[in-house]
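Everything on this sheet refers to the single structure shown next.
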Protein chains: 2
Amino acid sequence: MSEQITPLEQNPEGIDFLPGLAMDFVIFGYHQYQLKILLLEYRNTDLFALPGGFVKTHENLNDAARRVLAERTSLTNIYLEQFYTFGDLDRYDQAPMRTIMQAKGLVPTDEHWLLRRFISVGYYALIDFTKAVPTPDPLSDTCTWYDLDNLPGLMLDHTNIVQKALQTLRADLDRKLIGYDSWAAPLLAKTFTMADLQKLYETILGQKLRRSSFQRKMLSLDILDRLEKQYSGGAHKAPYLYQFKQ
Amino acid sequence: MSEQITPLEQNPEGIDFLPGLAMDFVIFGYHQYQLKILLLEYRNTDLFALPGGFVKTHENLNDAARRVLAERTSLTNIYLEQFYTFGDLDRYDQAPMRTIMQAKGLVPTDEHWLLRRFISVGYYALIDFTKAVPTPDPLSDTCTWYDLDNLPGLMLDHTNIVQKALQTLRADLDRKLIGYDSWAAPLLAKTFTMADLQKLYETILGQKLRRSSFQRKMLSLDILDRLEKQYSGGAHKAPYLYQFKQ
DNA sequence: TTATTATTGTCTCACTTTGGAACAATAATA
DNA sequence: TATTATTGTTCCAAAGTGAGACAATAATAA
């Protein structure tokens with residue numbers, strides 16, 4: 001984890017970064033049937049924003065995404081997908097960034113690189129929100145999980161970015177039923193019941209699924225190992241535990 | 001169609017454009033069961049490349065894409081989708097651009113903006129190649145259709161970009177069975193037979209489809225109006241003609 | 001005029017997938 | 001011992017798909 005970036009105060013030109021290019025992250029956090037996303041808040045401004053970042057001049061775009069993601073969450077090896085690049089002019093509004101900079105004691109000179117127009121590459125990630133250590137960036141004061149269906153108003157076009165990310169995540173889930181270990185495994189305990197897995201799907205898709213069909217489909221995919229039963233303490237039959245194969 | 005861009009020779013800094021940001025276009029051309037893509041060639045260099053372009057400082061990203069597409073093909077109102085943004089460092093190789101600039105009589109100074117690193121937003125388009133007027137850009141000498149399964153070697157990572165575009169187009173075709181008038185209609189005559197429509201699908205997907213299943217599915221979608229029969233001159237039953245509803 | 005040929009529109013049948021309910025099994029509790 | 005909630009599985013009807021069959025029919029050949 002390298003934080004070798006020149007501090008903002010000493011870097012009025014943004015010289016370490018590719019100019020005019022940003023990344024915005026929709027970091028979905030799942031745990032126990034809850035889906036949240038990570039937002040930054042700027043103190044004394046009432047402004048909320050998606051975590052974002054910039055690309056260093058000698059860094060691959062996707063590596064930059066992983067670096068920033070690690071800075072905000074302390075996590076590496078995360079399921080991460082690029083989903084759209086946002087470049088409308090109407091997302092170029094200096095007002096909120098001026099407010100943020102002033103609240104931070106920075107001087108928003110007209111030429112400051114943070115006030116220029118940015119094209120932003122959107123990424124979404126999916127992690128277990130209990131495993132992350134949310135960390136504000138140099139401009140923000142808090143970095144917190146918010147319930148997806150109860151988000152505060154967001155800066156600029158960030159609400160739109162969240163919508164598109166969610167849409168893409170759900171579509172990806174439907175078809176790319178591949179690579180479970182890369183995305184689903186980190187969101188569940190090492191062993192889990194079929195109900196746990198189904199709830200994970202239902203939470204992400206935002207809709208109920210049929211129990212028998214879900215079980216049939218999952219078992220037919222040949223990705224699960226069935227283990228011993230789980231004596232859970234509930235007044236009912238004990239479910240089997242599963243884990244992902246290999 | 002505005003070509004208000006300062007000519008390359010007088011614009012060594014690329015001042016009209018967002019720095020470091022490019023677009024690459026995979027323009028699929030269909031006609032009569034053939035699928036081609038549009039490539040630029042640079043004379044005396046043996047270099048082939050995808051059409052590309054830059055974003056003006058006061059232009060929406062997607063508007064820039066439509067502008068460049070119109071410049072290369074003379075077509076507006078085209079089916080156009082953004083599919084991925086490419087930002088690896090290994091696509092930053094000055095050699096081919098130096099060759100191209102020298103062949104054009106330009107001086108590739110070390111500071112020339114065209115020799116800097118670019119992040120590139122990839123778009124794909126789908127048009128009838130008989131309706132386009134391919135037009136080279138200021139750096140290239142020819143702009144020509146090439147059979148998709150017989151492409152020359154391409155500059156930098158452009159072969160990779162084509163692969164990803166084709167993958168996305170095919171996946172989009174499978175699910176977004178919606179909005180036929182926006183993409184399929186411009187590729188067919190005003191009226192067409194079921195065989196014409198099936199061949200269009202087969203050509204794009206690169207595989208045969210079952211005739212009876214295809215007919216059944218298309219009719220069930222309720223997007224076609226059946227017209228009179230077509231007496232085609234072939235030694236067989238005359239097929240019905242169809243057109244897209246509304 | 002008649003037979004031949006290629007293609008079309010539709011149908012059939014087997015097979016698979018899915019939705020939805022039913023049912024016995026069973027771990028805890030009353 | 002009866003009750004309760006949940007589980008694993010089965011069943012059946014409905015819907016969808018793959019593969020082939022078949023009659024209809026324009027043009028051509030005999």
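Chain A is the first sequence line, chain B the second, and so forth, proteins listed ahead of strands; every chain is numbered from 1.
- Between Y180(A) and Y201(A), the two ring planes are tilted [angle within 30° to 60°].
- The shortest distance between the side-chain N/O atoms of K217(A) and the OP1/OP2 oxygens of dT18(C) is below 4.0 Å.
- Residue contacts for T193(A): at a heavy-atom cut-off of 4.0 Å it reaches no nucleic acid atom on any strand shown.
- Counting atom types as modelled, R216(A) pairs no side-chain N or O with a base atom of dG8(D) as donor and acceptor under 3.5 Å.
- Between Y79(A) and Y124(A), the ring planes lie perpendicular to each other; the angle is over 60°, past the 30° to 60° tilted range.
- Here dT26(C) presents its C1' atom at 11 Å from OH of Y240(A), a figure rounded to the nearest Å.
- Among the nucleotides dA19(D), dG19(C), dG9(C), the one closest to any side-chain atom of S213(A) is dG19(C).
- Pairing for dA14(C) is with dT17(D), a Watson-Crick or G-U wobble pair whose two hydrogen-bonding atom distances lie under 3.5 Å.
- In this structure, L209(A) atom CG and dA21(C) atom C1' are separated by 17 Å, rounded to whole Å.
- Remark: the R211(A) side chain and the dG8(D) base include a donor-acceptor N/O pair separated by less than 3.5 Å.
- One interatomic measurement links the two molecules: NZ of K208(A) to P of dG20(C), which rounds to 15 Å at whole-angstrom precision.
- Listed nucleotides dT25(D), dT9(D), dG19(C) differ in distance to R210(A); the shortest reach to its side chain belongs to dG19(C).
- With a cut-off of 3.5 Å on both Watson-Crick or G-U wobble distances, the partner of dA28(C) is given as dT3(D).
- S140(B) contributes no side-chain N or O that, together with a main-chain N or O of P136(B), makes up a donor-acceptor pair within less than 3.5 Å.
- dG9(C) atom P lies 14 Å from atom CE of M218(B), rounded to whole Å.
- For H31(B) (side chain) and D128(B) (main-chain N/O), no donor-acceptor pair under 3.5 Å exists by modelled atom type.
- Among the nucleotides dA21(C), dT10(C), dT17(D), the one closest to any side-chain atom of S212(A) is dA21(C).
- The shortest distance between the side-chain N/O atoms of R226(A) and the OP1/OP2 oxygens of dT9(D) is below 4.0 Å.
- If you find the closest nucleotide of DNA chain C to K237(B) and to G234(A), the one lying nearer the 5' end belongs to K237(B).
- The CZ atom of F214(B) sits 17 Å away from the C1' atom of dG16(D) (whole-angstrom rounding).
- Taking atom CE of M194(B) as the reference point, atom P of dA6(C) lies 23 Å away to the nearest angstrom.
- In this model, the phosphate group of dT7(D) is not approached by any side-chain N or O of Q215(A) to a distance below 4.0 Å at OP1 or OP2.
- When rounded to the nearest whole Å, the span between CD of Q198(B) and P of dT7(C) equals 13 Å.
- Considering only the side chain of A195(B), dT8(C) comes nearest among dG8(D), dT8(C), dA5(D).
- Between D149(A) and K36(A) there is no salt bridge, since none of the side-chain N atoms of the basic residue sits less than 4.0 Å from a carboxylate O of the acidic one.
- Looking only at atom types and distance, the side chain of N60(A) has a donor-acceptor partner in the side chain of D63(A) under 3.5 Å away.
- Between E228(B) atom CD and dA26(D) atom C1' the separation is 16 Å, expressed in whole Å.
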